[in-house]
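First up is the structure itself, then whatever we jot down about it.
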Amino acid sequence: MTTDYLQKILTARVYDVAVETPLQLATHLSQRMENRIYFKREDMQSVRSFKLRGAYNKMAHLTPAQLKHGVICASAGNHAQGVALSAAKLGCRAVIVMPTTTPDVKIEAVKALGGEVVLHGESYTDAYTHALTLEKKQKLTFVHPFDDPYVIAGQGTIGMEILRQHSGPIHAIFVAIGGGGLIAGVAAYVKAVRPDIKIIGVQTTDSDAMARSLKAGRRVTLPDVGLFSDGTAVKLVGEETFRLAQKYVDDIILVDTNAVCTAIKDVFQDTRSILEPAGALAIAGAKAYVERARLSKKPIKNQTLVTIACGANMNFDRLRFVAEMADIGTARESVFAVTIPEQRGSFRRFCELVGPRNVTEFNYRISDQQEAHIFVGIQSSGDDESGKIAKCFEKHGYRTLDLTHDELAKVHIRHLVGGKSTLAGNELLYRFEFPERPGALMRFLNSMDPDWNISLFHYRGQGGDVGRTLVGLQVPKGEMKAFRAFLANLGYRFWDESKNPLYKLFLG
């Protein structure tokens, strides 16, 4: 079958719609990983994904009668766009069944290309089953997203281009796996021409059907799949793709959501492009591969590692989550729970101890007459720094819990700190905005009268041009004139929220 696929790939009809994408050296990531990391930029295709290669190659081999009746496919989005574009090019009808969880950006893109979208089910498998029903009812031709020799051959042209673009030694090529079409095509070509090159698949820990299938020696159906990397959310891999993976794939690396988000950031830093989660899987896998080798005391250095950046159809509303999880994944944010004595000036002294470090989050609520608890996030340079910061706090008499690697704290508790307090009498609640600069938070605190007790404080860095802070202040009635003067001379925008009904409900 190797020769058969080699011929199919060499004669594949993809370049009517696809372009030969560049193989780009990732300069910054390569320096950090001490290897030459390349991105095969399939995100630069017209539909921002490699999927149009296989879709068009399959449809270009259909008979005139089949094209006249039209085609149907099931897809989480990228294959759908490939089929819709190919149908427009070939002048035929295209019905696209997509899971209801598909990002809007992909749904709208398919519609813009002329595809007839049908939303059904929560995963690819659900959409696939419904598409088979519609296929029979409407006498359409099914264009499989991965388990078809022509589709596999179309995707295999990526492997052909990689070897043509880089004639020197390649240690490994990393490929994202959903149903297996991409890795099957790339592996079939590369192993026929350069069998010394390792083919390494990458999957998320919650959508690892191929990894489980290879381990079991048979195709395994997952009961459910994670949906963050929606482009690879497949419960059952293809029969033909599984056969080829068994024959040619050297290893599979599993990565979590944090690693994928970090990889998206890595690619952005090198290219200023934003990949979708599935598109960044290969990059995350290459990093995990290098790290695994380092931990096993057999480090990989100065090798050429090729990663296929296979898609960039990212929903804009996911970017905040990606940015937050990327910081967690790279340990760029250290998180602490700190206990301070409930004494006048102790809050300020703690802030002075934080010093010029960039604060990402600061939550405080007066609790009892003896102690107060602060939840603080601080931008750090790596894994080792959180321990050093915690020791510094402890040295100065502040009991500290290092929560940097605590999932409960990072994902949930940080958003729940606060609540009502019986000690918040005479409290005024104000929102402030100040220019977001290094050290701006301390300058803001220093502008306040040291005799006013801070009873509530919430700040969270959003990466914007202004810092937004919610502050509860206990100002004696006799000092209200001084407080109003403070507001007038502050130079920052502010809003009095003391009569906001939400304050009464949740904080007052």
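All residue numbers in this chain count up from 1 along the given sequence.
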Query raised in the report: In Å, rounded to the nearest 0.5 Å, how long is the span from CE of Met210 to CG of Leu236?
Result: 9.5 Å
**Report entry** Heavy-atom side-chain proximity of Val202 to Tyr289 below 4.5 angstrom
**Finding:** no
**Report entry** Residues Gln45 and Lys51: side-chain donor-acceptor under 3.5 angstrom
**Finding:** no
Query raised in the report: How many angstroms lie between atom CZ of Arg36 and atom CG of Asn302, to the nearest 0.5 angstrom?
Result: 6.0 Å
Which side-chain N or O atoms in residues 218-229 pair as donor and acceptor under 3.5 Å with protein atoms at least two apart or in another chain?
from   : atom 1 : to     : atom 2 : distance (Å)
Arg219 : NH1    : Val237 : O      : 2.8
Ser229 : OG     : Thr232 : OG1    : 2.7
Ser229 : OG     : Ala278 : N      : 3.4

Requested in this report: To the nearest 0.5 Å, tell me how far Lys198 NZ sits from Lys191 NZ.
Outcome: 9.0 Å
Query raised in the report: Is it true that atom NE2 of His61 has more than 12 heavy atoms of other residues, nucleotides or ligands lying nearer than 6.0 Å?
Result: yes
Query raised in the report: Between Asp148 and Lys58, is there a donor-acceptor pair closer than 3.5 Å when you use the side chain of the first and the backbone of the second?
Result: no
Query raised in the report: Do Tyr128 and His130 pass the ring-ring contact (aromatic ring centres under 6.0 Å, His included) test, and can you show the C-alpha distance, the side-chain angles, and the key distance before you say yes or no?
Result: CA-CA 5 Å; Tyr128 171 70; His130 188 62; over 10 Å; no
Requested in this report: Decide yes or no on side-chain contact (heavy atoms from CB on, under 4.5 Å) for Gln138 and Arg93, but give the supporting numbers first.
Outcome: CA-CA 11 Å; Gln138 301 185 27; Arg93 179 191 177 204; 2.9 Å; yes
Report task. Given salt bridge (charged side-chain N to carboxylate O under 4.0 Å, His left out), test Lys215 with Asp208 step by step and report yes or no. Result -> CA-CA 11 Å; Lys215 184 177 181 180; Asp208 58 344; over 6 Å; no
Query - Backbone of Val71 reached by a side-chain donor or acceptor of Thr141 within 3.5 Å - result: no
Query raised in the report: How many angstroms lie between atom CZ of Phe336 and atom CZ of Phe375, to the nearest 0.5 angstrom?
Result: 10.5 Å
Query - Gap separating the OG1 atom of Thr307 from the CD atom of Gln24, nearest 0.5 angstrom - result: 10.0 Å
Identify every side-chain donor-acceptor pair in residues 76-92 under 3.5 Å, counting partners at least two apart or on other chains, and give the distances.
from  : atom 1 : to     : atom 2 : distance (Å)
Asn78 : OD1    : Asn313 : ND2    : 2.6
Asn78 : ND2    : Glu276 : OE1    : 3.4
Asn78 : ND2    : Glu276 : OE2    : 2.9
His79 : NE2    : Val143 : O      : 3.0
Ser86 : OG     : Tyr56  : N      : 3.4
Ser86 : OG     : Gly82  : O      : 2.7

**Report entry** Main-chain N/O of His458 paired to Asn363 side chain as donor or acceptor, under 3.5 Å
**Finding:** no
Requested in this report: Kindly indicate whether the side chain of Ile183, heavy atoms from C-beta on, has any atom under 4.5 Å from the side chain of Thr241.
Outcome: no
Requested in this report: Please assess Val14 against Met160 for the test side-chain contact (heavy atoms from CB on, under 4.5 Å), listing each intermediate value before the final yes or no.
Outcome: CA-CA 12 Å; Val14 301; Met160 179 178 68; over 6 Å; no
Requested in this report: For the pair Thr304 (side chain) and His171 (backbone), establish whether a donor and an acceptor sit closer than 3.5 Å, ignoring hydrogens and angles.
Outcome: no
Query - Closest non-hydrogen atom pair between Ala326 and Cys261, with its separation - result: CB-O, 3.6 Å
Query raised in the report: So, Arg41 and Thr21: side-chain donor and acceptor under 3.5 Å apart, yes or no?
Result: no
Query raised in the report: Between Ser30 and Leu25, which heavy-atom pair has the shortest distance, and what is it?
Result: OG-CD1, 3.6 Å
Query raised in the report: Does Val335 reach the side chain of Glu361, with side-chain heavy atoms less than 4.5 Å apart?
Result: no
Query raised in the report: Looking only at heavy atoms, what is the nearest atom pair of Ile283 and Ala263, with distance?
Result: CG2-CB, 3.9 Å
Requested in this report: In plain terms, say whether Arg53 and Glu161 are close enough for a salt bridge, that is, a side-chain N and a carboxylate O under 4.0 Å apart.
Outcome: yes
Report task. Could you tell me which non-hydrogen atom of Val322 sits nearest to which non-hydrogen atom of Met314, and how far apart they are? Result -> CG2-CE, 4.0 Å
Requested in this report: With rounding to the nearest 0.5 Å, note down the distance linking CD1 in Ile199 to OH in Tyr248.
Outcome: 11.0 Å
Query raised in the report: Can Leu214 and Phe242 be said to form a side-chain contact (heavy atoms from CB on, under 4.5 Å), step by step?
Result: CA-CA 8 Å; Leu214 291 176; Phe242 175 62; 3.7 Å; yes
Requested in this report: Compare all side-chain heavy atoms of Thr102 with those of Val117 and state whether any distance is below 4.5 angstrom.
Outcome: no
Query raised in the report: Is a donor on one side and an acceptor on the other found under 3.5 Å between the side chain of Asn57 and the backbone of Tyr150?
Result: yes
Query raised in the report: Are side-chain heavy atoms of Tyr38 and Lys40 found at a separation under 4.5 Å?
Result: no
Query - Main-chain N/O of Ile200 paired to Asp250 side chain as donor or acceptor, under 3.5 Å - result: no
Report task. Indicate yes or no for a side-chain donor-acceptor contact from Asp147 to the backbone of Gly179 under 3.5 Å, with no hydrogens or angles considered. Result -> no
Query - Close side-chain approach of Thr257 and Thr204, heavy atoms under 4.5 Å - result: no
Query raised in the report: Looking at Ile197 and Ile170, what are the two nearest heavy atoms and their distance?
Result: CG1-O, 3.5 Å
Report task. State whether the side chain of Asn35 and the backbone N or O of Met33 hold a donor-acceptor pair below 3.5 Å, judged by distance alone. Result -> yes
Requested in this report: Check whether any side-chain heavy atom of Val290 lies under 4.5 Å from a side-chain heavy atom of Glu34, and answer yes or no.
Outcome: no
Query raised in the report: Do you know which two heavy atoms are closest between Asp126 and His120, and how far apart they sit?
Result: O-CD2, 3.5 Å
Query raised in the report: Side-chain contact, heavy-atom cut-off 4.5 Å: Val306 with Phe174?
Result: no
Query raised in the report: Taking it one step at a time, do Leu182 and Ile177 satisfy side-chain contact (heavy atoms from CB on, under 4.5 Å)?
Result: CA-CA 7 Å; Leu182 178 58; Ile177 301 178; over 6 Å; no
